[in-house]
Participant: 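Got a structure here, written out as structure tokens. Questions coming.
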There are 2 protein chains.
Amino acid sequence: MSKSSPRAEIAYQALRQAIIEQALLPGAKLPEDQIGAHFGMSRTLARATLARLQAEGLVDARPKRTATVAQPTLEEARDIFEVRKALEREAVALTIKRWRPEYGAALEGHVREENAAKARRDDRVSIRLAGEFHIKLAAMSGNKVLQRALAELVSRCSLILALYGRPHSSECAVNEHSQIIAALRKKDIAGATRLMEEHVGSVERRALLADAPSADLDLDAVLSRYARTIEASNAAISLPVGRRKRSS
Amino acid sequence: MSKSSPRAEIAYQALRQAIIEQALLPGAKLPEDQIGAHFGMSRTLARATLARLQAEGLVDARPKRTATVAQPTLEEARDIFEVRKALEREAVALTIKRWRPEYGAALEGHVREENAAKARRDDRVSIRLAGEFHIKLAAMSGNKVLQRALAELVSRCSLILALYGRPHSSECAVNEHSQIIAALRKKDIAGATRLMEEHVGSVERRALLADAPSADLDLDAVLSRYARTIEASNAAISLPVGRRKRSS
DNA sequence: CCGCCGATTATTGTATACGAGAATATGGCA
DNA sequence: TGCCATATTCTCGTATACAATAATCGGCGG
């Protein structure tokens, strides 16, 4: 159904990563034709790929309209962070319960990568790695369902950051990750949970600049970002290449 | 993408409900042709519908093989309950924070329905209502993302019950629901959380009869249930009607 | 010069076609 | 009689076709 075709799978991964790394910004159009043409497959598969991304909340698709990279509302954004926090707590607790020394090393290796990316000002990779830290931790919980759910939420957080955050604030202060690792090592559930909560909270604060209940205030910010969105959606992952390529 | 076609939407709802109510048992085959024929649509739409159900974990689909109603492993089952508990806690906490008196009445009305269904020995409806209690509560949290995630998990729990539980144990002791309502009314977060936790725990215990790490022990039980599965998948929701209907 | 309306083009919705791979039945052989 | 090889049938994987609707552009009237 989903993993069958290598091309469809590649398209899925590519689009997913492009969205997460903010190479395709929220609102960017994703016409079935072009996606199919780009990945050398028919609209049938392009459509299935988009449907999958839609199910994960990364793509908006209203009937009869071209699919776009999702633009979560402020309210939705808050909801996502709330659920994410609940699952991160669970992930921390479960991971500590089955803690093994290798885990610490693995996570620290990851943090080193994060620092490297940050040092070389590679924002795209930075953003992705910041998210993946949380996924790796969730994986250590041993609970696949939890891992999957959290992965979905974390991706959507990248999207939220792209929409409402300031331009290039990479998601996490890396040293917060280090502190969490330290607490995990001590098997300090309460401490690790608290740190994680604060950490995600601070990401949320950075992401949701606006505090007003209405989204009007940041309409300006959003609109001014739009010019960038449109141009970026062309450069970006080279998806919309100039004009479209006809059916060849 | 998904809600476009009324037929596809109907098929989705029907299949979903049939699975949840255990009219279609785990392992039952779901050939694209038959589904399409039954709902008067082409395989294209049938396929999309199945993909959707697969994304929610209600359907298993390996490439080149006919899709079936999902058969979660014991391990997966435990994972699902674990995540569910985490989200139920969150739902309780959030709901209490924005509690309104109507909520109590609404939930009590629901419990009355549950009792009615139980009184008339309507197992199917009983099972469905038991799950919907939790969804309604999640809806009151005001967090759509949470509600959706929990709905998915609760559905999958019905599946687990069908696979591993004893034949007709309807999911919940209804009075546990009433106790939870009482705690909510008192805005007693700790108490309500504890009750919810115990409640889901008891559902889990009822669902996962086997405690052994290996699933060998209940292989017999599963196999003996299979005869029923096959015959039931024919009677059931009248999906596989005798032979298939050709392309008309 | 600006804004509304119709023609043109871009894109989606859905069915169908055809090839390929499983599943199942059939017949020969031990 | 029981088992394996092979033919047959059932399904899936994917592309393509065609109709229908939305977006876009150009001309007309104000």
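Quick note on labels: first sequence line is chain A, next is B, and so on, each numbered from 1.
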Participant: Quick one: closest heavy-atom pair of V203(B) and L161(B), and the distance?
Facilitator: O-CD1, 4.5 Å
Participant: Looking across every strand, which nucleic acid part, if any, lies under 4.0 Å from R65(B) by heavy atom: base, sugar-phosphate, or nothing?
Facilitator: sugar-phosphate
Participant: Expressed in angstrom and rounded to an integer, what is the separation of I10(B) atom CD1 from dT14(C) atom C1'?
Facilitator: 16 Å
Participant: Just to confirm, is there a sub-4.0 Å distance from OP1 or OP2 of dA15(C) to any side-chain nitrogen or oxygen of S42(B)?
Facilitator: yes
Participant: Is the distance from OP1 or OP2 of dA15(C) to the nearest side-chain N or O of R7(B) less than 4.0 Å?
Facilitator: yes
Participant: Heavy atoms under 4.0 Å, any strand shown: does T66(B) hit a base, just sugar-phosphate, or nothing?
Facilitator: sugar-phosphate
Participant: Flag this pair as yes if the NZ/CZ of R52(A) is under 6.0 angstrom from the six-membered ring centre of Y12(A) and inside a 45 degree cone about the axis; otherwise no.
Facilitator: yes
Participant: Would you kindly compare G40(A) and P31(B) by the position of their nearest DNA chain D nucleotide and give the one closer to the 5′ end?
Facilitator: P31(B)
Participant: Measure from CZ on R62(B) to C1' on dT11(D) and round the result to the nearest Å.
Facilitator: 14 Å
Participant: Would one find a side-chain N or O of R47(B) under 4.0 angstrom from OP1 or OP2 of dG13(D)?
Facilitator: yes
Participant: Among dT12(C), dG19(C), dA15(D), which nucleotide has an atom closest to any side-chain atom of T44(A)?
Facilitator: dA15(D)
Participant: Looking at dA17(C), dA15(D), dT12(C), which one has an atom nearest to any side-chain atom of R43(B)?
Facilitator: dA17(C)
Participant: Return the value, rounded to whole Å, for the distance between atom CG of D33(A) and atom C1' of dA10(C).
Facilitator: 8 Å
